K.L.:
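Have a look at this one.
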Protein chains: 2
Amino acid sequence: MGSVTHTDNGSSPAAEQAARGRAADTSRGEQTRQAIVSSAIRLFGEAGYEKTTMRAIAADAGVSVGNAYYYFPAKEALVSEFYLELQREHLARVEPILNGGTSFGDRLTAILREGIEVWAPHHAFAGRFIGIAAVPGSPVSPFSTASSESRELATSIFHRLVDSTDVKMDPQLRARLPQLLWLAQLGLVVYWVHDTTPGQRRTRSVVDLAVPYLEYLVGASRMKIFRPLTTRGLTLLEAVWPRAAG
Amino acid sequence: MGSVTHTDNGSSPAAEQAARGRAADTSRGEQTRQAIVSSAIRLFGEAGYEKTTMRAIAADAGVSVGNAYYYFPAKEALVSEFYLELQREHLARVEPILNGGTSFGDRLTAILREGIEVWAPHHAFAGRFIGIAAVPGSPVSPFSTASSESRELATSIFHRLVDSTDVKMDPQLRARLPQLLWLAQLGLVVYWVHDTTPGQRRTRSVVDLAVPYLEYLVGASRMKIFRPLTTRGLTLLEAVWPRAAG
DNA sequence: AGCCACAGTTGAACATGTTCAAGTCGTGTG
DNA sequence: CACACGACTTGAACATGTTCAACTGTGGCT
């Protein structure tokens, strides 16, 4: 119970500029930081989380161990960078899909599939990643305030998807659907991580089966017969996950 | 990708008798083992996972550090013992509920509530626990073959609940409901771990709201109008989670 | 130029999970 | 009884994440 504030943004000496526009920063510190990040990402990808030691990362980046800790409070924080990298790639891959003119379901399938594809080369690493992300208070936790930026980034994908579809659905559901889809994607990743079928084939087929079902459910939400089901479900959702908080 | 077999049962020198009837074993080794386990459980409960060092556990149990590793392959394995302890207590608390004559929903609520109650004193610790349990291949993972015994123990609770209810529902759903409820409980624990409301009040109110909704859904499953929804849902479930495998 | 403040950097020291070669103990056997 | 063998135990050694006091360079101010 000792350390209460795990969401310690701003305490890191190099964090004041972290929130915005780091890409434009070309100062010495930023170069070092980048060297550490890219070394960490590469080594994580090559050897996994456990086998990549902080000493190895520092050596690869050409800095001392202590210096790595000047920029990152812990090894876990470097995992967060790895995650950001993947998320950026997902976003890039998803862009043409969102702009494409296919159906809601097809686009959702494509988005989820790209999510899997981005992670695919790192299935072993992802196992450890999940373990780190699952602990509450960890900056990598998808529910933490520290990751709110990347969370909003991710939900924005589904926001755009939902906003641009003309599929008829309950308006309240429409308002909540982006968050729900984000949650579904989260669950999918967890499922994928535990999927031991070769190449995680099962996860892909689950996507192909689940999306049409989701589409069906969403369409059904506005039908009179399903009214109580929809309404009660949304009420429950509001209790579980109030629109305001995370 | 190095170590493939994480489910290494039987490799531990003291594990051949681990599967059954350890309570009856009174040999020297078993006493030592028990001393380590109870020290670990107590210290975990008192100080959390991180702050409880292996040295502290060993000292408290009156043995050497190396000796602890003779019985347990890693610190994580001791967490598994902690989990078992809680599960046993949950089972004990649930017994009178299952034998009670209240409705399906009331009993389900009571079961889930007791699950929360058992964990309640260890909310902080549970955060770390989730992190360990979430990594695939970990013996503590609820999906691992290593924890199949405790998993079947847990599902047996819901099996008994479902078998003893006369709530009308789709027969296929009935066949799958115990597993689904177990999964729901898992999700509930994850939710509870991340619940930062004082005393995790929100989780409790979620239970109170979700169970009636579940009851409603289950009842609706046999109605003709919901037929496609039910059938398609069960088909999807079979793809996601084949009846045979985990 | 001289100097100051501070970002950046270092490597040794520390804490703790884990391993291992060696030692001890108890029990069955000749 | 003496011995052998295996279960059990030990503590030092090791690996690695993390901390920290000291050092260095750099840019700005007088």
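Quick caveat: nothing in here was measured; it's all calculated off a predicted structure. Each chain gets a letter, A, B and so on, in the order the sequences are listed, and its residues count up from 1.
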K.L.:
Which atom pairs link the protein and nucleotides 20-24 of chain D when you take only N or O atoms and keep those under 3.5 Å?
P.N.:
none

K.L.:
Could you tell me how far apart A:F72 (CZ) and C:dT9 (C1') are, to the nearest whole angstrom?
P.N.:
15 Å
K.L.:
End-to-end bend of the helix from C:dA1-D:dT30 to C:dG30-D:dC1 (five-pair axes, 10° rounding)?
P.N.:
30°
K.L.:
Answer yes or no: is there an ion pair linking B:R176 with B:E238, defined by an N-O contact shorter than 4.0 Å?
P.N.:
yes
K.L.:
Given C:dT9, is OP1 or OP2 found less than 4.0 Å from the side-chain N or O atoms of A:Y71?
P.N.:
yes
K.L.:
In whole angstrom, give the distance that lies between atom CD of A:E76 and atom C1' of D:dT16.
P.N.:
15 Å
K.L.:
Write down the distance between CD (B:Q31) and P (C:dC25), rounded to a whole number of angstrom.
P.N.:
17 Å
K.L.:
Identify, with sequence neighbours excluded, every residue that meets side chain to side chain contact (heavy atoms under 4.5 Å, CB included) alongside B:T53.
P.N.:
B:R55, B:A56
K.L.:
If the condition is side chain to side chain contact (heavy atoms under 4.5 Å, CB included), which residues does B:A184 pass it with, not counting sequence neighbours?
P.N.:
none
K.L.:
What residues form a side chain to side chain contact (heavy atoms under 4.5 Å, CB included) with B:R93, not counting sequence neighbours?
P.N.:
B:E89, B:E114, B:E117, B:V118
K.L.:
Which residue, A:A68 or B:K75, contacts DNA chain C at a nucleotide closer to its 5' end, judged by nearest heavy atom?
P.N.:
A:A68
K.L.:
Respond yes when some side-chain nitrogen or oxygen of B:Y70 is under 4.0 Å from OP1 or OP2 of D:dT9, and no when none is.
P.N.:
no
K.L.:
Tell me which residues in residues 52-65 of chain A put a heavy atom below 4.0 Å from DNA chain C, sorted by number, or none.
P.N.:
A:R55, A:V63, A:S64
K.L.:
How would you list, by chain and number, every residue that makes a side chain to side chain contact (heavy atoms under 4.5 Å, CB included) with B:F125, sequence neighbours excluded?
P.N.:
B:F44, B:Y49, B:V79, B:F82, B:H122, B:F129
K.L.:
Enumerate the salt bridge (Lys or Arg N to Asp or Glu O under 4.0 Å) contacts for residues 126-141 of chain B, please, sequence neighbours excluded, ordered by first and then second residue.
P.N.:
B:E50-B:R128
K.L.:
Rounded to the nearest angstrom, tell me the gap between atom NZ in B:K51 and atom C1' in D:dG17.
P.N.:
18 Å
K.L.:
Going from CG on A:L112 to CG on A:L181, what distance comes out if it is rounded to the nearest 0.5 angstrom?
P.N.:
7.5 Å
K.L.:
Under the salt bridge (charged side-chain N to carboxylate O under 4.0 Å, His left out) rule, collect the residues that match up with B:E76, sequence neighbours excluded.
P.N.:
none
K.L.:
Tell me whether the side-chain N/O atoms of A:T32 come closer than 4.0 Å to OP1 or OP2 in C:dT9.
P.N.:
yes
K.L.:
Could you note down all residue pairs passing side-chain hydrogen bond (donor to acceptor under 3.5 Å, both in side chains) where residues 180-193 of chain B supplies at least one of them, sequence neighbours left out?
P.N.:
none
K.L.:
Output all residues satisfying side chain to side chain donor-acceptor pair (under 3.5 Å) with B:Y69, sequence neighbours left out; order by chain, then residue number.
P.N.:
none
K.L.:
Just to verify, what does A:S39 make a side chain to side chain donor-acceptor pair (under 3.5 Å) with, not counting sequence neighbours?
P.N.:
A:D60
